[in-house]
Amino acid sequence: MQFENTREFAKKLDQKDPLKSYREQFLFPKVDGKRVIYFTGNSLGLQPKNAKKYVDEVMKDWAELGVEGHFYADKSWWDYHERLAKPLSTIIGAETAEITVMNTLTVNLHLLMVSFYRPQGERYKIICEEKAFPSDQYMLQSQVRFHGYDPNDAIVEIKKREGEHNFRIEDILRTIREVGDECALILIGGVNYYTGQVFDMKTITKAGHGIGAIVGWDLAHAVGNIKLELHNWNVDFAAWCSYKYMNSGPGNASGCFIHKRYHNQKDIPRFEGWWGTDKASRFLMKPEFDPMPNADAWQLSNPPILSMAPYLASLELFDAVGMDALLQKRNSIVAYLEFVLKEIGKEVTSNFEIITPSNPNERGTQLSVFLHGEGRKLFEYLMKNGVIIDWREPNVIRLAPAPFYCSYEDMYRFGQLLKQGILDNH
Ligand SMILES: *Cc1c(COP(=O)(O)O)cnc(C)c1O
């Protein structure tokens, strides 16, 4: 399609957008009484209107039933988390049994390391990407120290080439080959949080298994953003947070994927709690741990229902739309934003560079833009004018037009504000 950088054209795209009605299912912050252009769905997704209703239901059940809500609430609490596994399984590309929802992301990564980082003899190293999300770096460093290793030796970072913004698959595969028999685990963010680069999870997982390593993925920036086929890709485990593209609310529950081949292994090392025991006999309060036959065996505590309620509301929207429709709109709105940015680049003297891969198969919703020669003043101008955006040092803005609630007209308006901001800056 031949794009045009005009309001009329953007509006026409909005009229034809099969997902346009979903914009009304979300609550937008406002600046000067007008809905903001929201580019930070990769950081905290907007609130689905139904989220409050679902939370209110739990509050009402608690008020009217007290503890009996565990069994007699319309959506009983004792198995509330199971309602999330089904819609998540289609988003993750997994069997329902391979999904569990619990805790928060960094906590879950630590818990999964108990099962999946088991260094032995010469095989103790972990491969990750350089400049991984800080929480993942701290998690890995503390894990290797916990096992008695030196992070400088035990953690091998895949490097980018000098002057390049993205990782090359041949460099990733070379690192995997080089570490070889010493590699216990590969753990990478499925989508890089800084550049938005999508990793070839299928190829990397296969290469990791080829050297006898376990392969896990942090899907914080991937879930609800890109096509995932974790089961078929043979991924060993994965975890994600739900408050980014999944719109579940601040600090909300995390999800885990554990491949079926690890279920029903009674001797797998794991930190256990009562919600991981077989639900049929859980309330007999027996001293022996009898694991659930699925990923729920990794559950520890009874689930935080108030945190799961908005997650459920959000997942129902994903289920109604389906990932395929969402990804179609994603491709088209990101392509339009890219076009608008390039047009504006021609109109202003300033030079900005999109550092996210231009190949649609190597990116999701996010475009990261290097604003050469612009400072924080531009960022502040945009924020003042109703664009919610984030800034990463040295001067990169990350733009993530979530397909659920961003419009093509938002992209056009953003382009105009960016142009004005740059002109005012000089
Ligand atoms: C957002 C994000 C986190 C956040 O972890 P929490 O435990 O939810 O605070 C961790 N890792 C990655 C890669 C992220 O993008």
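None of the values given here were measured: they were computed from a predicted structure. Whatever order the structure lists them in is the order used to number ligands and atoms, beginning at 1.
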Under the 3.5 angstrom rule, does the side chain of E157 hit a backbone N or O of K131 as a donor-acceptor pair?
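Judged by distance alone, no pair lies under 3.5 Å.
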
Quick one: does E129's side chain have a donor or acceptor within less than 3.5 Å of a partner on G189's backbone?
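Here the side-chain-to-backbone pair exists.
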
Given S307, which of N103, T104, N252 fulfils the side-chain hydrogen bond (donor to acceptor under 3.5 Å, both in side chains) condition?
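Checked N103, T104, N252 against S307; only one passes side-chain hydrogen bond (donor to acceptor under 3.5 Å, both in side chains): N252.
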
N-O pairing of K202 and D200 below 4.0 Å
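No, K202 and D200 are not salt-bridged.
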
Does Y80 have R83 sitting over its ring (NZ/CZ under 6.0 Å from centre, angle to axis within 45°)?
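Checked: cation-pi criterion met.
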
Does NZ or CZ of K342 lie under 6.0 Å from the centre of the six-membered ring of F3, at an angle within 45° of the ring axis?
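No, a cation-pi geometry is absent between K342 and F3.
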
Mind jotting down which protein residues get a heavy-atom contact under 4.0 Å with ligand 1? Chain and number order, please.
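For ligand 1, the residues that come within the 4.0 Å heavy-atom cutoff are L105, T106, F133, D136, D218, A220, H221, Y243, K244.
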
